[in-house]
Amino acid sequence: MTRKLDPQNQTKETVIKRAPLPVTHVSEAAPSRADIEQLRQDLLSHYDAHGRTLPWRIRPEDRARGVQADPYSVWLSEIMLQQTTVAHATPYWKRFLSEFPTVIDLANAERDRVLTLWAGLGYYARARNLHKCAETVRDLHDGVFPTTEAALLKLPGIGLYTAAAIAAICFNEPTNIVDGNVERVIARFFAVDAPLPKARKILRDLAGSLADPVRPGDYGQAIMDLGAKTCTPRKPLCVECPWQWKCKAYSLSTIQACAVTDYPKKLKKTSRPIRSGAVFVLTCGDGDATSVWLAQRPDDGLLGGMMGFVGTQWRDMKADDPSQDLQYAPYPKNWELLDGEIRHVFTHFDLRLRVYRAQISDSDRGHNINSGHEGSGAGDFASRDFDIAALEAGKFIRLSDIENYALPTVMKKALQHALQRAEL
DNA sequence: GATACGTGGCT
DNA sequence: TAGCCAAGTAT
């Protein structure tokens with residue numbers, strides 16, 4: 001039996017024949033062939049009996065009849081589920097599929113519309129790549145998803161995990177599906193002492209040694225389910241685990257040498273720095289006609305391509321200087337610094353955001369905002385030069401229409417803050 | 001290989 | 001509260 005389970009590791013013939021397990025990292029030798037067969041069977045039986053019904057999965061009875069999943073909806077789910085919980089992603093998946101029933105529909109959509117539907121899901125590069133990927137499938141693949149792991153891997157936003165998952169689930173290719181769940185299950189099963197993230201390669205190889213080539217998609221989903229529902233990060237339910245009989249961490253835990261949750265070992269994360277800055281919420285009109293000034297952020301970097309309020313840079317607390325805030329205002333006006341701060345957590349920093357607010361009349365709007373070139377006076381804030389580029393990129397958006405714009409959560413918080421404080 | 005990249009839920 | 005975690009990818 002020749003099969004490739006790892007696109008990064010294709011030089012050798014089979015998965016079973018891996019490099020010898022490094023004794024320093026693993027507490028026990030690899031399971032026997034017979035054990036591996038038993039483990040596969042245990043997991044798949046467990047999956048057939050208890051597998052979750054998720055909307056992008058085909059139903060068990062259809063699966064039994066050999067029906068294959070739809071690559072478009074599986075791909076959509078896999079991208080959305082990257083670093084995201086099922087509960088959070090599911091409503092988005094339904095909305096996307098409803099508005100874009102096929103990959104062609106998605107490719108033909110405006111990117112801004114895609115970003116709007118994605119708003120709130122986070123990691124917005126996923127949405128930009130999602131659209132790019134759909135365009136690629138439309139333009140380079142006749143509107144049909146490629147069917148191999150290697151070809152899928154070339155598409156934007158599809159990495160090692162997603163390519164393996166789609167190829168296995170939709171096309172029955174015997175790939176090695178490794179996500180965070182699998183890493184945890186495998187680290188416990190083999191009691192791998194090497195800490196994450198350095199242990200990735202070891203865990204990947206160990207995972208590949210167990211992966212089932214006959215039902216690769218079911219196996220992959222089964223082991224991910226096992227990690228999500230049974231072999232959970234905090235309180236694993238070893239009592240119901242089909243792999244308990246061979247699990248090294250469980251075995252060690254029964255002789256009180258360790259707890260199952262000691263695995264996977266991981267390096268301590270450095271604490272998140274705190275950054276701060278300010279945003280300016282400029283409103284125009286009132287009541288139902290209230291509009292706010294929003295600009296599209298540059299395509300690259302944080303919240304790339306999303307809409308947001310104009311503001312200062314977000315800098316390390318120590319480098320942030322509130323006395324300079326008004327130089328970044330989108331419009332010369334008597335800005336009110338609102339009480340309180342927005343707090344928002346990003347992956348790599350905590351943000352504290354001051355919110356300024358000002359209101360302009362419709363006459364101001366017509367006269368100044370759209371021309372935006374005055375500012376020759378000296379010293380007077382009301383006549384300074386302001387950021388014309390930011391102005392030209394922005395526009396007034398009706399609050400009643402704001403759901404049609406790609407506003408990330410941090411900006412929604414700022415808007416809420418400004419509107420609430422304004423009422424006081 | 002390390003770092004950038006969102007958000008919400010749970011303890 | 002503060003930290004951890006969730007079906008990772010791109011650079």
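All heavy atoms count here, side chains included; hydrogens, waters and symmetry mates do not. Note on naming: letters A, B, ... go to the chains in the order of the sequence lines (proteins, then strands), and numbering restarts at 1 for each one.
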> With side chains defined as the heavy atoms from C-beta onward, is the minimum distance between Ile402(A) and Leu415(A) less than 4.5 Å?
Replying inline: yes
> Would the number of heavy atoms belonging to other residues, nucleotides or ligands and lying under 6.0 Å from CZ of Arg95(A) be above 12?
Replying inline: yes
> What's the closest nucleotide to the Gln82(A) side chain, out of dC5(C), dG6(B), dG8(C)?
Replying inline: dG8(C)
> Looking for any heavy atom pair under 4.0 Å, which part of the strands does Pro408(A) touch: base, sugar-phosphate only, or nothing?
Replying inline: sugar-phosphate
> So what does Arg52(A) hit on the nucleic acid, given a heavy-atom distance under 4.0 Å: a base, only sugar-phosphate, or nothing?
Replying inline: base
> Within this structure, what is the CG-to-P distance between Leu81(A) and dG8(B), rounded to whole angstrom?
Replying inline: 16 Å
> Taking the side chain of Asn181(A) as heavy atoms from C-beta outward, which of dA7(C), dT7(B), dG6(B) is closest to it?
Replying inline: dA7(C)
> Whole-Å distance between dC5(C) P and Tyr123(A) OH?
Replying inline: 14 Å
> So, Arg128(A) side chain and Gly304(A) main chain: donor-acceptor pair closer than 3.5 Å or not?
Replying inline: yes
> So, does Arg40(A) use its side chain to make a donor-acceptor pair with the main chain of Leu210(A) at under 3.5 Å?
Replying inline: yes
>> Less than 4.0 angstrom between a side-chain N/O of His88(A) and OP1 or OP2 of dG9(B), yes or no?
In response: no
> Given the P atoms of dA7(C) and dT11(B), what is the spacing between them in whole Å?
Replying inline: 16 Å
> Within the structure shown, what part of the strands sits under 4.0 Å from Trp56(A) by heavy-atom distance: base, sugar-phosphate, or nothing?
Replying inline: base
>> Counting distance alone, no hydrogens or angles: does the base of dG6(B) have a donor or acceptor under 3.5 Å from a partner atom on the side chain of Thr347(A)?
In response: yes
>> Expressed as a whole number of angstroms, how long is the span from Asp299(A):CG to dC5(B):P?
In response: 14 Å
>> Suppose you measure atom P in dT9(C) against the same atom in dG8(B); what distance do you get, rounded to whole Å?
In response: 22 Å
> Just to confirm, is there a sub-4.0 Å distance from OP1 or OP2 of dA6(C) to any side-chain nitrogen or oxygen of Gln83(A)?
Replying inline: no
> Given atom CG of Asp350(A) and atom C1' of dG8(B), what is their separation to the nearest angstrom?
Replying inline: 14 Å
> Between dT7(B), dA6(C), dT9(C), which nucleotide gets closest to the side-chain atoms of Val410(A)?
Replying inline: dT7(B)
> Under 3.5 Å, is there an N or O donor on one side and an acceptor on the other linking the side chain of Thr84(A) and the base of dG8(B)?
Replying inline: no
> When you measure from the centre of the six-membered ring of Phe349(A), is the NZ or CZ of Arg272(A) under 6.0 Å away and within 45° of the axis?
Replying inline: no
> Tyr124(A) side chain N/O closer than 4.0 Å to the phosphate oxygens (OP1, OP2) of dT7(B)?
Replying inline: yes
> Counting side-chain heavy atoms from CB outward, which of dC5(C), dA7(C), dG6(B) is closest to Ala228(A)?
Replying inline: dA7(C)
>> So, OP1 or OP2 of dC5(B): does either fall under 4.0 Å of a side-chain N or O from His348(A)?
In response: yes
> Considering only heavy atoms and no angle criterion, is a donor-acceptor pair shorter than 3.5 Å present between the side chain of Arg272(A) and the base of dA4(B)?
Replying inline: no
>> Please tell me whether Trp75(A) and Phe145(A) form a close aromatic pair, meaning their ring centres lie under 6.0 Å apart.
In response: yes
> To the nearest angstrom, how far is Arg343(A) atom CZ from dG3(C) atom P?
Replying inline: 12 Å
> Counting just side-chain N and O atoms, does Thr162(A) come under 4.0 Å of either OP1 or OP2 of dT9(C)?
Replying inline: yes
>> Let's test your reading of the model: under 3.5 Å, does the base of dC4(C) pair with the side chain of Arg234(A) as donor and acceptor?
In response: yes
> What nucleic acid atoms does Ile169(A) come within less than 4.0 Å of, heavy atoms only: base, sugar-phosphate, or nothing?
Replying inline: nothing
>> For dG1(B) and Lys201(A) - does any side-chain N or O of the residue sit under 4.0 Å from the phosphate oxygens OP1/OP2?
In response: no
> Counting side-chain heavy atoms from CB outward, which of dT7(B), dA7(C), dA6(C) is closest to His344(A)?
Replying inline: dT7(B)
> Quick one: Leu407(A) CG to dG6(B) C1', roughly how many Å, whole number?
Replying inline: 14 Å
> Quick one: on DNA chain B, does Pro197(A) or Gly120(A) contact a more 5' nucleotide (nearest heavy atom)?
Replying inline: Pro197(A)
> Whole-Å distance between dG8(B) P and Tyr92(A) OH?
Replying inline: 7 Å
>> In this structure, how many angstroms lie between the C1' atom of dT3(B) and the CG atom of Leu196(A), rounded?
In response: 17 Å
> If you look at every strand shown and take non-hydrogen atoms under 4.0 Å, does Gly304(A) touch a base, only sugar-phosphate, or nothing?
Replying inline: nothing
>> Under 4.0 Å, heavy atoms only, any strand: does Ile158(A) hit a base, just the sugar-phosphate, or nothing?
In response: sugar-phosphate
> Just wondering, are more than 12 heavy atoms of other shown residues or ligands nearer than 6.0 Å to CZ in Arg343(A)?
Replying inline: no
> Out of dC5(B), dT7(B), dT9(C), which nucleotide sits closest to the side chain of Tyr161(A)?
Replying inline: dT9(C)
> Which part of the nucleic acid, if any, lies within reach of Gly227(A) when heavy atoms closer than 4.0 Å are counted: base, sugar-phosphate only, or nothing?
Replying inline: nothing
